[in-house]
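One structure is given below, encoded as structure tokens.
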Amino acid sequence: MTGKARAGIIRFMVVSTLLMRFFRRTLIQYGALRSEMVRWSLTALAAAWMVFSCVVAYFFLRPLGADRDKWSMMLDLSWVSTIPWVIGVFLLVKMLFSKADGALRIVSGLPVTGILRGLTIKASEMGVVLAAVTVSVLSISVSLLLSTGVDAIGLACLHLLLPALLLYAMLSLAWDLIGRAMRMLGLPQFASVTAICGLVAMLVGYAMLVLPLVMDIQERWLGGDDAILWATVVGDLAVRIGGLPTGIGASALLLAVTLADVAVSPPRYREQADYLPIHCPAAGRGDITMFAAYVLRSKDTFLESILAAALAIVLCVRGDTGFATLPACIVTFTGLSQFANGIVAIWNLHRGSAAYTYLCMICSQLAVYVPIWLAISLLTLPWGGPTPLGCLYSLAGIVAGSIVCTMLGIVFPMTKHNPLTTIVGLGSFALAGTLLLFAIGLLDLRGPILAVVLVAILAAMILYSILGIQTHQRSMRYEHR
């Protein structure tokens with residue numbers, strides 16, 4: 001190793017350490033994660049759930065035994081269903097990291113090259129995406145290891161790991177190509193918005209292909225056909241020409257795509273536009289309209305509306321028009337950042353009680369979300385429109401989603417646009433929601449009893465959110481004395 005390469009690696013490690021320290025400090029400085037007990041409790045709960053899911057998966061898949069062909073088919077099916085998960089997590093991470101201005105400004109101010117800065121950010125993003133994908137396939141991987149022994153390593157690498165790395169590298173390359181094109185057009189501040197719209201179209205397009213791909217894999221295995229499918233090309237080539245040549249070729253392709261990504265990535269950091277230039281004359285006429293201006297102008301609301309409309313059209317094309325308005329609930333994710341970034345500091349110091357602040361936040365969100373829901377409902381009319389029950393469920397989902405996302409934004413505030421805070425908050429809620437669904441199924445709750453339980457949970461979320469706002473306001477006023 002040359003001295004220049006060694007110096008580059010050292011600088012990369014220094015920048016990565018600084019970036020991780022920024023994320024960690026802003027992650028545990030505010031909200032519930034300040035408490036060490038909360039952090040350890042969430043860690044223990046996540047570990048217990050992963051162990052439980054691995055045990056259930058093992059007993060469910062144990063009949064496959066050590067049959068390599070059956071496991072290859074199972075891993076192909078798992079990978080086909082994991083692709084939208086990879087795209088979705090990549091999309092979420094890119095949306096959050098595109099707003100991580102505090103971290104990006106720190107990195108951009110260091111005396112290192114633009115390539116090194118880009119590699120550091122990409123390494124952080126890739127770590128988050130791979131961690132999420134690893135969690136999603138952990139149970140089947142453990143079952144594979146216990147059933148086939150050492151062969152599991154090769155099977156997992158060829159059917160899951162290498163395809164996931166290649167997909168991530170290609171998505172990253174596509175993202176940077178769009179960014180480069182936007183720079184050439186003189187609109188670099190809208191590069192992330194354009195790239196996210198492209199990824200949404202890709203995600204929606206693939207969602208319509210999942211079922212045919214699953215059927216093709218099953219029919220190919222039942223018929224003994226060795227045809228190569230585009231979605232499982234790495235695993236299929238491993239079966240046809242061997243694992244070692246396929247692994248070497250896939251690794252070489254991964255290296256080539258990564259180098260191309262580094263070559264086309266923007267040479268320097270350019271701040272992205274977090275708000276759209278929407279004129280809102282009513283913003284200064286009342287407290288609720290002031291809060292609503294943030295939700296309306298937020299880039300997140302625009303992107304979530306596009307995704308919701310695309311998913312609604314997919315449901316209509318598939319014949320599920322009655323519940324095609326359910327994707328409108330996606331727009332409530334803007335509430336994750338409203339508390340940390342949508343409230344001016346002077347409000348917490350001199351205006352409004354905690355309950356009134358919470359009321360303004362919820363009302364402002366609904367004032368924006370309901371018209372979006374109405375627009376999506378009108379969009380589905382050419383296919384017959386939603387049913388009354390579908391409308392009721394989607395509206396209830398928007399109200400519940402606003403309450404949940406607002407609570408997560410208060411408990412896990414996205415301070416200084418730290419993306420890991422939101423990711424940890426969503427992961428914690430997903431874990432708690434999974435355990436809640438498991439408990440509901442175990443207790444066989446249904447009908448009016450289930451409705452009462454859900455309403456009580458939402459009421460507890462509202463109360464906890466108000467208490468969180470009150471605690472934050474007290475700390476703000478104490479710091480400014």
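Residues: numbered from 1 along the sequence shown. Source: prediction; values computed, not measured.
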Over 12 non-hydrogen atoms of neighbours within 6.0 angstrom of OH in Y393 | no
Euclidean distance, L381 CG relative to W383 CH2, rounded to 0.5 Å = 10.0 Å
V295 backbone acceptor or donor facing T301 side chain under 3.5 Å = yes
Should we count CD1 of I449 as having more than 12 external heavy atoms under 6.0 Å?
-> no
Which pair of non-hydrogen atoms, one from L366 and one from P371, has the smallest distance, and what is that distance?
-> O-CD, 4.0 Å
Residue pair V56, S139: steps toward the side-chain contact (heavy atoms from CB on, under 4.5 Å) verdict | CA-CA 8 Å; V56 172; S139 57; over 6 Å; no
Would you say W79's side chain and M74's backbone share a donor-acceptor pair under 3.5 angstrom?
-> no
Please tell me if the side chains of F302 and I306 come closer than 4.5 Å, counting only heavy atoms from C-beta onward.
-> yes
Heavy-atom check, side chain of I313 versus side chain of T380, under 4.5 Å | no
Note: H159 and G235 closest approach over all heavy atoms is CE1-CA, 3.6 Å
CA sep, side-chain torsions, deciding dist, call: L426, F412, side-chain contact (heavy atoms from CB on, under 4.5 Å) = CA-CA 9 Å; L426 291 175; F412 304 95; over 6 Å; no
Can you name the nearest heavy-atom pair linking L162 to L158, along with the distance?
-> CD1-CD2, 4.2 Å
Could you check if a side-chain atom of L311 sits within less than 4.5 angstrom of a side-chain atom of L315, using non-hydrogen atoms only?
-> no
Show the numbers, then the answer: is there a side-chain contact (heavy atoms from CB on, under 4.5 Å) between L435 and L45?
-> CA-CA 10 Å; L435 295 176; L45 193 60; 3.6 Å; yes
Within the side chain of T406, is there an N or O that forms a donor-acceptor pair under 3.5 Å with the backbone of I403?
-> no
Are the side chain of T246 and the backbone N or O of A238 linked by a donor-acceptor pair below 3.5 Å?
-> yes
Taking the side chain as every heavy atom from C-beta outward, state whether L145 and S141 have any atom pair closer than 4.5 Å.
-> no
Ignoring hydrogens and geometry, is there a side-chain-to-backbone donor-acceptor pair from T387 to G390 under 3.5 Å?
-> yes
Quick one: do Q338 and T334 satisfy side-chain contact (heavy atoms from CB on, under 4.5 Å)? Show the steps, please.
-> CA-CA 7 Å; Q338 186 182 24; T334 304; 5.9 Å; no
Out of curiosity, M170 CE to L167 CG, how far, rounded to the nearest 0.5 Å?
-> 8.0 Å
Mind checking the CG-CG spacing from L213 to L77? Nearest 0.5 Å is all I need.
-> 10.0 Å
What's the shortest heavy-atom distance between P327 and A312, and which atoms?
-> CG-N, 3.9 Å
With the side chain counted from C-beta on, respond yes when Y464 and V411 share a heavy-atom pair under 4.5 Å apart, and no when they do not.
-> yes
Quick one: do the Q365 and T332 side chains pair a donor with an acceptor below 3.5 Å?
-> no
Below 6.0 angstrom between ring centroids: does that apply to F52 and F438?
-> yes
How about R240 and D236: do any of their side-chain heavy atoms sit closer than 4.5 Å?
-> no
Looking only at non-hydrogen atoms, find the nearest pair between I398 and C329 and report the distance.
-> N-SG, 3.8 Å
Please report the closest heavy-atom contact between L166 and A250, naming both atoms and the distance.
-> CD2-O, 3.9 Å
Any side-chain heavy-atom pair from L138 and S53 closer than 4.5 angstrom?
-> no
Could you tell me whether the side chain of S172 and the main chain of Y168 form a donor-acceptor pair under 3.5 Å?
-> no
When rounded to the nearest 0.5 angstrom, what is the spacing between SG in C316 and CG in L379?
-> 7.0 Å
Check whether any side-chain heavy atom of W373 sits under 4.5 Å from a side-chain heavy atom of S394, and report yes or no.
-> yes
Rounded distance (nearest 0.5 Å) linking atom SG of C405 with atom CG of L336 | 4.5 Å
Roughly how far, to the nearest 0.5 Å, is CG of L75 from OG1 of T82?
-> 9.5 Å
Could you tell me whether the side chain of S143 and the main chain of Y58 form a donor-acceptor pair under 3.5 Å?
-> yes
